[in-house]
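All residue numbers refer to positions in the sequence shown, counting from 1. Reckoned from all heavy atoms, side chains included, excluding hydrogens, waters and symmetry mates. In listed order, ligands and their atoms are each counted from 1.
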Amino acid sequence: MGRTDSLPNERMYRQSLNGTWEFRRTDEDQPSEWLEGAVPGDVYSDLHAAGVIADPYEADTELDVQWVGKTDWRYRRSFEADDDLLSHDRVALEFLGVDTVAEISINGTVVGETDNMHRRYEFDVGNHLESGTNHVSVGFRSPVEYAAERMEAHPYDVPLIRYPVDQPGRNFVRKAQCHFGWDWGPCLPGVGLWRDVRIVGHSSPRITETTVDQTHHDDGDVTLSVRATADVLEAGTYDLIASIDGETASRSVDLEAGTDDAEIELTVPEPALWWPNGYGDQPLSTLRLTLATGDDAHTVEERIGFRELSLVREPDGDGGETFFFEVNGVAIYAKGANWIPVENIRGRIDDATYESLLSSAAEANMNTIRVWGGGYYELDRFYELCDELGLLVWQDFMFSCALYPATDEFLETVEAEVRYQVRRLSTHPSIALWCGNNENEMSLVSWFADDENVDEFYADYERLNEETIAPVVAEEDPSRTFWPGSPSSGGAVGEDGELVPYDETRGDLHYWDVWHDGEPFDDYLTVEPRFVSEFGYQSFASAELLSTVVPDDQLNPTAPVMEHHQRNPGGNKRILQRMADHFRVPFAFDDLVYLSQLQQGLAMQTAIEHWRRCKPYCMGTLYWQLNDLWPCASWSSVEYEGGWKALQYMAKRFYAPVLVSSVRPGTDSTDDGPKELDLNTDDENGAVDRGLEIWLTSDRLEATAGTLAIDAYTFDGERVFSREESVSIDAQASRAVTSISDDAFGEVAPESVFVRTEFHPVGDVEVHPDFAFFESFKHLDLPVPEITANVEGTDVVLKTTDTALFVALETPALSGHFSNNYFHMAPGECVRVLFEGDAAGTELEEALSVRSLESTY
Ligand code: BMA
């Protein structure tokens, strides 16, 4: 039995100051009246709730509410202090998140200041409290004005990427960078108390932070080295007690007054191990840590998972270096997406959004999420869910697409931010990597390379990244890699001594040639990186979602409000231009949305199937981007409010543990490594070569054997050939298992035929059929399919008379998604899918409609 049962009672006093506050603007001669505001929350949400502004996401209201970010605000509330609180030796006012530049007062006396939304702040308020009613007040400076002032005072311009609707100076204030506008989001640089606020009274040491290091022994036992950071009022000897899974350790520790650390070790015999999604389970255990003295104690709990994790970077044959995560001795192929904030205004964030998005990621066979550096360190629930779902987290520090002023003041607040965040998050088993920034290293050699102050930029970058962030991470969490930036080759320099952030043979890559430079989808096949942490393609959100913010008469890609909800200049045009290559240009808006989503899915499928085939040379793909923070056209696979776009369904298929994919010979690499590619597979007479290599790619830890069924059909429904073969794929391997030669198709014209390959593995393994086409979709001789959909409870049974491509089940009035969608059906095929949502039976039947590619012809 652990000693925790006989601990003294905890006497600590905690009082939440969340809830209803009052707020008003303060920068005018006549301050406005006090309105009701919420904590946690933000001023935009509060102004909207009070009826002062329209919904900032609606139409182009965003433009009308830019004044909010240029305004000073005050929030205040009162609270009761009772004798119990006042009896404590220390009473602290604690803010887990103040956004951003603020002055805090208690009963009219200033007790502290803040300048960084990513830090925790705590102020001593014992001497300022009175028995009975007290007043706390937070005066916020306009973040836009503050940034402008700092920018002005700096001796030279510090460059940054600007967006169509934005406010300048974001790199001078430690606030979510995308609050100032981005190429997928609105500019709403508000203020607010965005995490919990509370009063804490204590008379004995209080644990403020806990970190846990794991040592895994050969016999399976795991030793935990636990460090508690405590706020100590009086130097002395205290009891430190740790317990987990029925094991307890305790020791006496000597602590100095002030902030001091105490350490304790305990060993857990052969705990069950935590695995990324798809590789095993995610057992989690609660560590209880108590710091006790005489008759008082403080206990905290941390939930941990037992796992060994490293980033493996070893020189290999090609003069390059591997780049992959290894968990419990197993090389993990990272499959996932980039995460942006779920909201640009805090008042709208809720746990349900995190739950829906992260479970959507896990359901789509993802195992890794990158928290991109232009937002904020996510709320606790995000990381808890990643632990529960087995999603590894690539965690950027919050610096993005800019350089930053390396003044002493700036570096000081960054140091505190990094220390706090690493301590806060490092106990989560899901955290896999700390990364310095998004695209800042790259910006030194690209966007800002020709600036006259480039030497200063290099020096500033070094001071911030290498001299401030990196050492704090090394000190606080030596168990994890600090990766200098994304993309990066790990600080490698070229012959001229210049940084080389782009190197296909090492590190991570952002590959944007297909979207930003307009290269065709096949261009992905020419690149063989180690780990691709960004690449993406845009699509439109559903008409239902867009209708919530766009007037009906503007549901057209080049109408002003639709263009306002597209932040990448020329983005809508690019979607349309590319659509004309692949599809017959539609005239109905919902067809346009549908085709744009298919197009996005096909781009990502081309890239990801290729980079999975390149395994183990390439060991990760994180596409840009999982989610959205308002209704818009963007690179997301899940639209704002959680609806799955076609890409999300396609991701579930192309990220399945075993992938069957086909490739025209000469257009892809083989497992012999990179080779010269000939993308022109037409012969000299313009005839299409229909030869195909069929590949199996497996992330499973055991070999997979089964039968490959390959069928070629004409669109008239005739089977041109049918073949079955026994094949197998080794554990964690990728190879071409068979091929089809061009002459297998006889005289059938390329636009009239397709190949369907299905792998039937022995055992219960998720794998989806592959389809190969030999002409662009707009040229195919598609028949008119008759598709029937019968609803049986939450199941929908689909049957088609003829070949139907990209069969889409749509339920605009319902929330939820299907187990499979946007799939192809061969003639006579019957498919059963499950609706995971809030309706079944007749209700589902009435809401359901079915579409296929032919209906857009
Ligand atoms: C990247 C990201 C984002 C951006 C996206 C799309 O490189 O890091 O800054 O939103 O591309 O342009």
**Message:** Check whether Gln421 reaches the backbone of His118 with its side chain - one donor and one acceptor, N or O, closer than 3.5 Å.
**Reply:** yes
**Asked** Just by modelled atom types, is the Tyr163 backbone N or O under 3.5 Å from a matching donor or acceptor in the Asp166 side chain?
**Response** yes
**Message:** As a test of understanding, state which of Trp372, Tyr640, Trp635 forms a ring-ring contact (aromatic ring centres under 6.0 Å, His included) with Trp184.
**Reply:** Trp372
**Prompt:** Looking at Tyr57, is Arg348 sitting on its ring face, NZ or CZ under 6.0 Å from the six-membered ring centre and within 45 degrees of the normal?
**Reply:** yes
**Item:** Face-on cation placement of Arg346 at Tyr44 ring, 6.0 Å and 45° thresholds
**Value:** no
**Prompt:** Taking everything shown except Asp64 itself, do over 12 heavy atoms lie less than 6.0 Å from its CG?
**Reply:** yes
**Asked** Which parts of the protein, at residue level, reach under 4.0 Å of ligand 1 through a heavy atom?
**Response** Trp182, Asp183, Trp184, Trp372, Cys401, Asn438, Glu439, Trp512, His516, Glu534, Trp624, Trp635
